[in-house]
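Comments concern the structure below.
Atoms within a ligand are numbered from 1 in the order they appear, just like the ligands themselves.
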Amino acid sequence: MRKIAIVGAGPGGLAAGMILSKMGHDVTIYEKDGIVGGRSKALKLGDFRFDAGPTFLMYVEILEEVFKKSGYDLHKELNLLPIDPLYKLVFPKVTFEPTNDKLNNKSMYDAYIKGLGDAYIKWYDDQKKKFDTITPLLLRPFDSLFDYLKPDTLRAIPSLQLSKTVYTSLKKIHPNPEFIHSLSFQAKYLGMSSYQAPAGFTFLPFLEHGFGLYHVNGGLNMINEKMAELFVKNGGKLILNAPVEEILVEKKIVYGLKVKGITMKFDDVVINADFSYAMTKLINPKHLKKYKPEKLAKKDYSISTMNIYLALDKVFDIKHHQVVFSNDYDLYLQKILNNEFTDDLSYYIHNPSVMDDTMAPKGQSALYILAPVPNLRSKVDFDTYKLEVEEMLYKSIKERLGIDLKPHIIDKLIITPKDWQDDYNVYLGAVFNLSHKLSQMMHFRPHNKFEEIKNLYLVGGGTHPGSGLPTIYQSAILLKSFIKPAEKNS
Ligand SMILES: Cc1cc2nc3c(=O)[nH]c(=O)nc-3n(C[C@H](O)[C@H](O)[C@H](O)COP(=O)(O)OP(=O)(O)OC[C@H]3O[C@@H](n4cnc5c(N)ncnc54)[C@H](O)[C@@H]3O)c2cc1C
């Protein structure tokens, strides 16, 4: 049995805790907050409950696997509700409501422009093939450069379309802007624009169209609460309000943690806290080489978000998941690409109260608006801009959706990139971590078995395979490749 510490009870840390404790290890999770979940935790305003970050679950198979490997059945533990339609996409010229029914979506695109449905079918079938070849690369570790020579990597190279971006790859199928944007806005899930994201990622919307999206009763934060409960049931120790001050290393080997000034010894340490934050704040730079603070400062980071959580006195006719695209979406993408601010914002509205009456008191709703904005490298002063952005969003919702939210606000909370940095320990407030450009992916992303310090492991959005919930859960599953079950070790 190994004595293992995990730094952080976000989705990555909790999934790792569940699996490692089931393997028979003595696992302790130290979480700085009073509740679990990190960027995915529950936020409360009186009787109103919000998801701080993630609002939908895609590619549920990976979470099912986490539960299975921990000795549980996901569907017996949590109530997953399909989101149908997947979302409503509001463009200035047209509105789309795709579902996970291929033929329904074909008709939807044909109703807009005759023949666009055929382009959609071509896209769908191409993505199915891409999904089958790229997924194996995301499911296994990428510790060695020789991994690029393995048969599954070589097979995937044509699908990765190395010279193309998500945008140029879609444009080749059909040049209609609404077609392209409706199948590429998902690059924002990686904190990138479709002009930047490598073409391999066009399979992201396929995960939605092919497998569907899910809400969890009570919000996605309930996944974390359930994982914490099952981790403890598996024998794990969860210590809340326990910020880790230092990860202790000697001769390139980790030997413990410092928490509240006390040194605690461990055989292994797993970092779930944001990778670049942990490297700059928790490890003495003398132990680091590739990931020294000055080297991290030169890396590419995702965009950030400004979130407005509103307690409202009624339930509005807004889908669970709604995206409003800027009037000039191309210009908006260019600006985001340059980490610049624009007043023609695109934004996302989350309105779970239309399908879940546990989020707010009867007849009322808990709604959040998310605007992708530059990270803190941009030098935008969000203390000043947040009020301006807030007004901009209410005005746009009134003009574009005909809904005046302001008179219905009972209470509100705003989170800016600076808050993500200061309260959630996220480097530069870049909530989707190191960007997913090819030179920061797979072997070139920090390894799950950390390459610079022995017995130190990484889970979460800053390591391989990447920053969405399914890939974060997968990073925890990958620990099984390095840490053997207790009986073989002790
Ligand atoms: C606004 C927003 C919307 C998102 N939407 C989606 C979505 O819909 N779908 C999706 O798949 N993904 C989404 N994501 C991305 C991603 O799924 C979440 O950010 C996810 O919570 C990241 O998980 P993590 O485990 O990597 O890190 P975190 O959630 O940040 O967890 C890290 C944990 O470490 C703790 N910690 C930090 N420092 C210390 C310390 N010194 N000592 C002890 N503990 C510490 C933190 O408190 C936290 O609990 C979204 C993210 C954001 C911010």
Side-chain angles (χ1 to χ4, degrees), residues 5-17 28-41 43 50-60 62-63 83 87 186 188-191 204 207-208 213-215 219-221 223-224 227-228 238-247 257-260 269-275 277-278 280-283 302-309 320-321 348 350 368-373 415-417 419-421 423-427 429-434 458-463 466-476:
I6 300 180
V7 183
L14 290 166
T28 307
I29 302 183
Y30 293 91
E31 166 55 50
K32 76 170 182 65
D33 285 350
I35 61 166
V36 298
R39 279 166 264 187
S40 302
K41 70 182 172 191
L43 294 176
F50 303 84
D51 280 319
T55 55
F56 63 89
L57 193 59
M58 63 156 74
Y59 199 39
V60 173
I62 310 260
L63 188 58
I83 304 173
Y87 28 68
Q186 295 82 351
K188 296 237 193 65
Y189 303 167
L190 307 166
L204 269 182
L207 293 181
E208 304 174 333
L213 294 179
Y214 293 85
H215 171 78
L220 256 68
N221 61 82
I223 305 176
N224 303 312
M227 290 202 297
L238 173 63
I239 308 188
L240 299 175
N241 298 308
V244 171
E245 288 143 8
E246 191 179 348
I247 295 172
L257 301 177
K258 194 183 274 178
V259 184
K260 295 183 182 161
V269 171
V270 179
I271 302 179
N272 172 222
D274 183 75
F275 172 74
Y277 151 81
T280 46
K281 302 284 186 201
L282 302 184
I283 299 184
S302 79
I303 52 170
S304 186
T305 65
M306 180 172 139
N307 287 28
I308 305 176
Y309 306 86
H320 175 282
H321 213 48
Y348 161 70
H350 180 226
Y368 100 43
I369 311 168
L370 178 160
V373 292
I415 295 187
T416 68
D419 301 317
W420 291 120
Q421 175 189 261
D423 301 342
Y424 290 74
N425 286 352
V426 177
Y427 190 82
V431 288
F432 307 100
N433 308 87
L434 283 165
L458 306 177
V459 293
T463 181
S467 81
L469 283 179
T471 43
I472 288 168
Y473 296 138
Q474 183 62 22
S475 69

Q) For Tyr30, is the NZ or CZ atom of Lys260 found under 6.0 angstrom from the centre of its six-membered ring and inside 45 degrees of the ring axis? A) no
Using distance alone, determine whether Tyr368 and ligand 1 share an N or O pair under 3.5 Å. no
Atom 20 (C) of ligand 1 sits nearest the protein heavy atom Ser40 OG, 3.4 Å
| Any side-chain heavy-atom pair of Thr305 and Phe432 under 4.5 Å | yes
**Asked** Does Trp420 reach ligand 1 with a nitrogen or oxygen that is under 3.5 Å from one of the ligand's nitrogen or oxygen atoms?
**Response** no
Contact region, Val459 to ligand 1, non-hydrogen atoms below 4.0 Å, reads neither
Among non-hydrogen protein atoms, atom 18 (C) of ligand 1 lies closest to Pro54 CG, 3.8 Å
Atom 51 (C) of ligand 1: of Phe432, Tyr348, Tyr473, the nearest heavy atom sits on Phe432
Please tell me if the side chains of Leu240 and Val36 come closer than 4.5 Å, counting only heavy atoms from C-beta onward.
yes
Report yes if Val244 has an N/O atom closer than 3.5 Å to an N/O atom of ligand 1; otherwise report no. yes
d(Thr471 OG1, Gln474 CD) to nearest 0.5 Å is 9.0 Å
Ligand 1 atoms nearer than 4.0 angstrom to some heavy atom of Ser467 are 15 (C), 16 (C), 17 (O)
key: Leu469-ligand 1 polar pair, N/O distance under 3.5 Å   = yes
Within 4.0 Å of some non-hydrogen atom of Thr305, the atoms of ligand 1 are 1 (C)
The reported gap from CZ in Phe275 to CG in Asn433 (rounded to nearest 0.5 angstrom) is 10.5 Å
When distances are taken from atom 27 (O) of ligand 1, the protein heavy atom at minimum range is Arg39 NH2, 3.5 Å
Q) Any idea how Tyr348 and His321 line up, ring-wise: parallel (<30°), tilted (30 to 60°), or perpendicular (>60°)? A) perpendicular
All heavy atoms of Ser304 vs all of Gly429, minimum pair found to be OG-O, 2.6 Å
In ligand 1, the atoms that come under 4.0 Å of a heavy atom of Gly460 are 26 (O)
Practice prompt. Give yes if a backbone or side-chain nitrogen or oxygen of Gly38 is under 3.5 Å from a nitrogen or oxygen of ligand 1, and no if not.
Written response: yes
Numbered in order shown, the ligand 1 atoms found under 4.0 Å of a heavy atom of Gly12 are 25 (O)
Checking Leu282, Ile6, Val269 against Leu257 for side-chain contact (heavy atoms from CB on, under 4.5 Å), the one that qualifies is Val269
Note: Thr55, heavy atoms under 4.0 Å from ligand 1, region reported as both
Quick note on ligand 1: atoms under 4.0 Å from a heavy atom of Tyr277 include exactly 38 (N), 40 (C), 41 (N)
| task | Verify ring-ring contact (aromatic ring centres under 6.0 Å, His included) between Tyr309 and Tyr368, making sure each step is shown before the conclusion. | result | CA-CA 4 Å; Tyr309 306 86; Tyr368 100 43; 5.2 Å; yes
of all protein heavy atoms, closest to atom 3 (C) of ligand 1 is Gly53 C, 3.3 Å
Quiz item: Out of curiosity, is Gly37 lining ligand 1, as in a heavy atom under 4.0 Å away?
Solution: yes
The option among Glu31, Lys32, Glu245 carrying the non-hydrogen atom nearest to atom 35 (C) of ligand 1 is Glu31
For atom 9 (N) of ligand 1, the closest protein heavy atom turns out to be Phe56 O, 3.5 Å
heavy-atom search around atom 36 (N) of ligand 1 in the protein gives Ala273 CB, 3.9 Å
The atoms of ligand 1 lying under 4.0 Å from a heavy atom of Gly8, numbered in the order shown, are 33 (C), 34 (O), 35 (C), 44 (N)
### Task
Could you tell me whether Lys281 atom NZ has more than 12 heavy atoms of other residues or ligands within 6.0 Å of it?
no
Within the 4.0 Å heavy-atom cut-off, what Asn433 brings close to ligand 1 is neither
Quick note on ligand 1: atoms under 4.0 Å from a heavy atom of Val431 include exactly 53 (C)
Minimal heavy-atom distance between Leu238 and Ala228, with the atoms involved, is CD2-CB, 4.0 Å
Practice task
Return a yes/no value for Asp274: is any of its N or O atoms, backbone included, closer than 3.5 angstrom to an N or O of ligand 1?
Solution key: no
Rounded to the nearest 0.5 angstrom, the NE2-CD1 distance for His350 and Ile369 is 13.0 Å
Per-atom filter on ligand 1: closer than 4.0 angstrom to a heavy atom of Asn425 are 37 (C), 38 (N), 39 (C)
To the nearest 0.5 Å, atom CD1 of Ile472 lies from atom CZ of Arg39 at 7.0 Å
Here the pair of heavy atoms bringing Val459 nearest to Gly13 is CG2-N, 4.0 Å
heavy-atom search around atom 22 (C) of ligand 1 in the protein gives Ile472 CD1, 3.4 Å
In this structure, CG of Asp274 is separated from CG of Asn425 (nearest 0.5 Å) by 8.0 Å
Among non-hydrogen protein atoms, atom 24 (P) of ligand 1 lies closest to Asn272 ND2, 3.7 Å
Nearest heavy-atom contact between Lys41 and Asp33 is NZ-OD2, 2.9 Å
Gly13-ligand 1 polar pair, N/O distance under 3.5 Å
no
(Q) Test your reading of the structure: does Tyr424 have an N or O sitting under 3.5 Å from an N or O of ligand 1? (A) no
d(Tyr214 OH, Leu63 CG) to nearest 0.5 Å is 12.5 Å
